[in-house]
Structure formats: C-alpha cells, structure tokens
Enquirer: 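Here it is, the structure in full.
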Amino acid sequence: MSSWKKVEPRRMHKERAQPERRQRLGLLEKKKDYKLRARDFHKKEDELKRLREKAALRNPDEFYHGMISAGTRTARRRDVADAIPARTQEEHALVLHHDANYVSMKRSVEAAKIDRLKSQMHFTALAQVSGGPRRTIFVSDDDERSDIAAGASHDAKRLPGELQTKDRSPAKPVDPAFEAQRLSEQTKVYKELAGRVEREEKLHRLLLTMETERNLMSKGKRQRVKDRDEYTGEPAVYKWRQKRKR
Amino acid sequence: MKGGAKTLVEPHRHLGVFVARGKEDALCTRNLVPGESVYGEKRISVEVEKPDENAPSGVLKEKIEYRVWNPFRSKIAAAILGGIGEIYMKPGSKVLYLGAASGTTVSHVADLVGPDGAVYAVEFSHRSGRDLVNMAKKRPNVIPIIEDARHPTKYRMLLPMVDVIFSDVAQPDQARIVAYNAQFFLKTGGAFMISIKASCIDSTIEPALVFAKEVKKLQDEKFKPREQITLEPFERDHAVVVGNFRVSKKASTQ
Ligand SMILES: C[S@@+](CC[C@H](N)C(=O)[O-])C[C@H]1O[C@@H](n2cnc3c(N)ncnc32)[C@H](O)[C@@H]1O
C-alpha cells in the first residue's frame with residue numbers, strides 16, 4: 001500500500017561535496033547554482049545584444065546633450081567622477097588608519113594563537129622526515145672503531161628521535177584505536193596551525209600594503225624603487241626625496 | 001574517561017626526556033615542583049599505577065606531572081627533536097650552564113638531571129638573573145651564579161667538577177669562554193654542548209662556514225666535536241655542537 005511507504009524510514013540524502021582533488025575549483029556547483037548563473041549570463045548576453053543593435057542603428061547626425069556636457073579629466077569621464085561624493089584627503093587617511101588598526105589587531109590575535117599552538121605541537125616526528133635539520137657527524141682518523149662511529153650506525157638503525165623502548169618494562173602494546181584517534185587529532189591541530197600561519201602572513205602583507213598606501217598620500221616627491229612583488233604580494237617600495245628643512 | 005582528552009606520556013630515547021602524545025605532540029620533562037609552571041608553559045599530569053603491598057588493592061595510584069618543553073624557546077629541546085645522537089645529560093649529571101638567561105631552559109635541564117643531579121647556571125645580566133634566582137629557590141638542584149662566564153675564577157669556589165658544560169652565551173668568543181671554563185670544571189672525558197648563533201659570531205659569511213670555523217676553534221682547544229646539528233625549523237641559522245673534552249687516543253678507541 002502506498003500510504004505505508006510514508007511511514008517506513010527513508011534514507012537521508014546528504015549533499016555531495018566537491019571532491020578533494022577538485023577543491024581548487026571552489027564549492028561544487030549544484031543545479032540551483034547553475035540556474036542562477038545561467039540566468040545571469042543570459043541576461044547579460046541579451047543586454048549586450050540590445051546595446052549592439054542600438055549602436056548599429058544609431059543615427060550619426062542626432063544631437064545628444066552628453067556631447068557638450070561631458071568631457072574628460074585625467075582620463076576619466078567627468079560626469080561619472082562627479083557623481084561619486086568625494087572623500088577629502090583627511091577622511092580617506094582616517095579610514096585607512098582605522099582599517100590598518102583593525103588588521104593589525106587581527107594579526108596580533110592570530111600571532112598569539114600561533115604561539116599557543118606552537119608551544120604544544122613540537123613535530124616530534126621531525127627527525128624521521130627528510131629535509132629536516134642537518135646532522136653532521138665528525139669522525140676523525142684515530143677512531144674508526146670508536147664509539148661514535150658505532151653510535152652513528154646504531155642511530156641510523158634506530159632512527160633518531162625515536163622513543164626509547166628498551167628499558168621500558170615489557171613494551172606496552174599500542175592500542176590501535178588510541179593511536180588512530182591520536183593521529184587524527186594531531187593532524188587536525190597541525191592543519192589549524194598551518195592555516196593560521198598562512199593567514200598571519202597574509203595579514204602582515206596586507207598591513208604593509210596599507211602602510212604604503214597611507215604613505216603615498218603624504219606630500220613630497222618620491223620614486224618607486226621596487227615594484228610590487230606579484231608572487232609574494234609584497235607592496236611596492238617608494239623612496240621620498242629628501243627635503244631640506246629650514 | 002573522555003576519549004579525546006587522553007594523553008600518553010612516553011620516555012624518549014634520551015633519559016629524563018619524555019614525549020606527550022594525545023592531542024598534543026610535545027616534548028616534556030618531569031616536573032620537579034609539581035603544580036607550578038616556570039614561564040607559563042603547559043603542564044600535563046598523568047596517573048600511573050604502581051604495585052604496592054601496603055595498599056588495599058595491591059596498587060598505588062600515583063600522579064606524575066610533566067612540563068611541556070618548548071623547542072621554539074630552548075635550543076636543547078630543538079636539538080633533541082632534530083634527532084641529535086647524544087645529549088650527555090642524564091639523571092644524576094652535574095651540568096654547568098653558561099648563559100642561563102631567565103632560566104627557562106635551565107628549569108628543564110634541572111628536571112632532566114633530577115634531584116640527584118645539579119645545574120650550575122651562570123648568567124651575567126642582573127635583570128635576567130632575578131628570574132633565574134627565583135626559579136632556583138624552588139629547585140634545590142639549581143645553583144644560580146650571577147657572574148661573567150669569562151671569569152670562572154670568580155665562581156671557582158662554588159663548583160665541583162662537572163660532567164657536562166652547556167653554553168648558550170651568544171658571544172663571538174664563545175669557544176674561548178667554554179674552553180676556559182672547561183679547564184677549570186670539566187672532567188676529563190666530560191662532554192660539552194654549545195649552541196651557535198651564526199649572526200652573533202659573524203654575520204658577513206655563510207652560517208655553515210661560521211659553524212665550521214667554530215668547530216675548528218673547539219678542536220684547537222682540546223675539544224673533540226662529535227656531532228653538529230642545525231636547529232631548523234625552530235631557529236634559523238643556529239647550530240648545536242656536542243662532543244667530548246680531553247679524550248686520550250686510548251680512551252676514544254675503546
Ligand atoms: C641566548 S640567551 C640564553 C637563553 C637560554 N639559554 C635559554 O635557552 O633559555 C644568552 C644569555 O647569555 C648571557 N650572557 C652573554 N654573555 C655572557 C657572559 N659572558 N657570561 C654570562 N652570561 C652571558 C646573556 O645575558 C643572555 O641572557
């Protein structure tokens with residue numbers, strides 16, 4: 001009976017997420033997102049078509065008021081520029097100042113969190129990964145058979161940084177469940193740490209950019225001595241010409 | 001017990017050093033003064049069961065407290081995590097520590113050598129020395145010495161012969177300072193561990209070259225460097241060198 005179907009529990013359908021390896025493409029697009037995007041695209045397409053037609057059918061002899069009222073000033077149409085209420089220099093500087101304060105506050109919050117995380121996440125497996133610290137072992141001619149040479153090969157077998165197990169009374173069997181949970185928890189925290197470090201760096205660069213922008217509002221002749229670094233995002237560097245003070 | 005909050009503390013390859021595993025992934029030492037932190041570091045306490053006839057259940061529950069040893073603040077911790085082969089300090093050792101600053105690392109070395117060992121901590125700045133002295137009040141195995149490490153004669157009366165000299169004075173003539181102290185206080189065949197900050201010694205040449213030059217200086221002073229390790233990613237352009245002092249050829253081939 002069809003009415004019984006409503007009573008029996010149905011499966012919960014979860015929304016599919018973007019697969020890990022396509023993560024760079026952003027969120028996974030769903031039908032409803034596609035519809036919005038397609039509608040917007042067609043609206044723009046129609047508008048462009050309409051404007052093209054209008055331009056094609058334009059009468060070149062017709063008079064428009066814009067022909068005499070609009071002009072250009074510093075490569076911008078004046079009528080457009082005038083429409084935006086202008087901020088004074090001081091107002092603009094003030095806004096920049098507030099923004100910079102906010103960013104710098106956020107950055108110090110981030111730095112404090114990084115410090116806290118770093119104080120308890122020590123990469124204890126560091127010695128086992130390649131590209132870690134560089135170890136140099138000095139062996140001189142008079143000790144080919146020496147303890148250190150032995151120690152070195154011993155170490156190589158034992159892996160540096162490894163836990164000592166030999167004088168722990170019967171090596172406790174590791175609980176695989178605990179081990180798995182520990183790993184997943186640690187991975188989460190290390191990921192958080194990496195994310196915060198990246199964010200802190202971004203905020204730092206943003207702050208530098210804002211500072212440069214603010215400096216550029218000041219008077220005086222200056223020259224760009226270094227372009228903005230597109231790769232690292234570091235702002236351009238300017239040098240102001242010395243002005244003699246009286 | 002909550003699953004997520006459980007932390008396991010296991011002994012590290014180096015005696016007296018431990019690793020806490022759980023949500024943290026941290027190096028630590030057993031706190032000599034349970035219940036107190038020295039510089040705001042985190043403490044981890046675990047309960048262990050010890051067999052005991054007198055207890056009704058046959059086991060006695062004991063609480064052990066560890067202090068997290070931050071490698072970003074201590075070069076010895078950074079070297080241990082980097083996988084240094086030998087630190088020479090172990091429970092019961094006597095250590096002369098040059099350049100103790102406020103005693104953050106000294107407190108961990110004191111935990112490491114335990115109540116049977118001793119740390120003689122030399123620091124010449126009175127300002128840092130104050131914190132050091134305060135820390136030492138709670139740890140009977142720390143002997144603070146507020147003197148210049150360049151003049152070991154001034155504290156000669158306070159020191160016995162030691163097993164290990166550690167130095168982190170960040171001075172260009174560090175090798176000489178260590179050698180001078182070793183002549184007075186280091187046992188024959190004793191060990192040294194020094195931390196080298198490349199920029200403190202010569203900022204105009206490659207760090208690797210600075211380290212090599214320092215190792216050469218040490219060799220000229222009857223030291224026998226065994227191993228050098230750089231401290232990335234905890235410190236940039238830093239290295240720790242360990243080795244022995246006045247090893248006779250015979251002793252070294254045994
Ligand atoms: C890099 S800090 C040591 C930090 C400390 N080892 C730690 O890990 O917590 C160097 C210290 O050595 C001290 N120092 C420098 N030259 C010294 C000297 N000649 N005698 C004693 N202490 C010295 C400085 O005052 C400074 O506090």
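Naming convention: chains lettered A, B, ... in sequence-line order (proteins, then strands); numbering from 1 in each chain. No hydrogens, no waters, no symmetry mates; every other heavy atom, side chains included, goes into these values.
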Enquirer: Looking at Val240(B), Ile44(B), Val68(B), which one has more heavy-atom pairs under 4.5 Å with chain A than the rest?
Expert: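 When all of Val240(B), Ile44(B), Val68(B) are compared, Val68(B) has the most.
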Enquirer: Look at atom CZ of Arg228(A) and say whether more than 12 heavy atoms of other residues, nucleotides or ligands are closer to it than 6.0 Å.
Expert: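 Correct, the count exceeds 12.
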Enquirer: Do any of residues 205-218 of chain B have a heavy atom less than 4.5 Å from a heavy atom of chain A, and if so, which, in residue order?
Expert: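 The list, in residue order, reads Val215(B).
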Enquirer: Is atom CZ of Arg182(A) surrounded by more than 12 heavy atoms (other residues, nucleotides or ligands) closer than 6.0 Å?
Expert: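 Check passes, neighbour count above 12.
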Enquirer: Are Phe192(B) and Phe223(B), when compared by the centres of their aromatic rings, separated by less than 6.0 Å?
Expert: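 When the ring centroids of Phe192(B) and Phe223(B) are compared, they turn out to be within the sub-6.0 Å range.
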Enquirer: Have Arg226(B) and Asn244(B) got a donor and an acceptor in their side chains that come within less than 3.5 Å?
Expert: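 There is such a pair between these side chains.
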Enquirer: Is any residue of residues 186-222 of chain A within less than 4.5 Å of chain B by heavy atoms, and which ones?
Expert: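 Those residues of residues 186-222 of chain A which have a heavy atom under 4.5 Å from chain B are Gln186(A), Val189(A), Tyr190(A).
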Enquirer: Under a 4.0 Å threshold between the charged nitrogen and the carboxylate oxygen, would Lys138(B) count as salt-bridged to Glu36(B)?
Expert: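 Looking at Lys138(B) together with Glu36(B), the answer is yes, because their closest N to O distance falls below 4.0 Å.
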Enquirer: Pairing donors with acceptors under 3.5 angstrom, does anything connect the side chains of Arg246(B) and Thr188(B)?
Expert: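 Short answer, no.
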Enquirer: If you count the non-hydrogen atoms of other residues, nucleotides and ligands that lie under 6.0 Å from CG in Leu27(A), is the total more than 12?
Expert: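 At most 12 heavy atoms, drawn from other residues, nucleotides or ligands, come within 6.0 Å of this atom.
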Enquirer: Quick one: of Leu27(B), Val242(B), Val241(B), who has the most non-hydrogen atom pairs under 4.5 Å with chain A?
Expert: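 Option with the top pair count is Leu27(B).
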Enquirer: Under 4.5 Å heavy-atom distance to chain A, tell me which part of Phe234(B) shows up: side chain, backbone, both or neither.
Expert: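 When you check distances to chain A, only side chain atoms of Phe234(B) fall under 4.5 Å.
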Enquirer: In terms of side-chain geometry, is the basic nitrogen of Arg43(B) or Glu65(B) positioned less than 4.0 Å from the acidic oxygen of its partner?
Expert: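 Looking at Glu65(B) together with Arg43(B), the answer is yes, because their closest N to O distance falls below 4.0 Å.
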Enquirer: In terms of relative ring orientation, are Trp69(B) and His108(B) parallel, tilted or perpendicular, with 30° and 60° separating the classes?
Expert: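 If you compare the ring of Trp69(B) with that of His108(B), the planes turn out parallel.
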Enquirer: Taking 4.0 angstrom as the limit, do Lys75(B) and Asp168(B) come out as a salt bridge?
Expert: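 Yes, Lys75(B) and Asp168(B) are salt-bridged.
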Enquirer: So does Glu41(B) pair up with Arg73(B), basic N to acidic O under 4.0 Å?
Expert: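 No, Glu41(B) and Arg73(B) are not salt-bridged.
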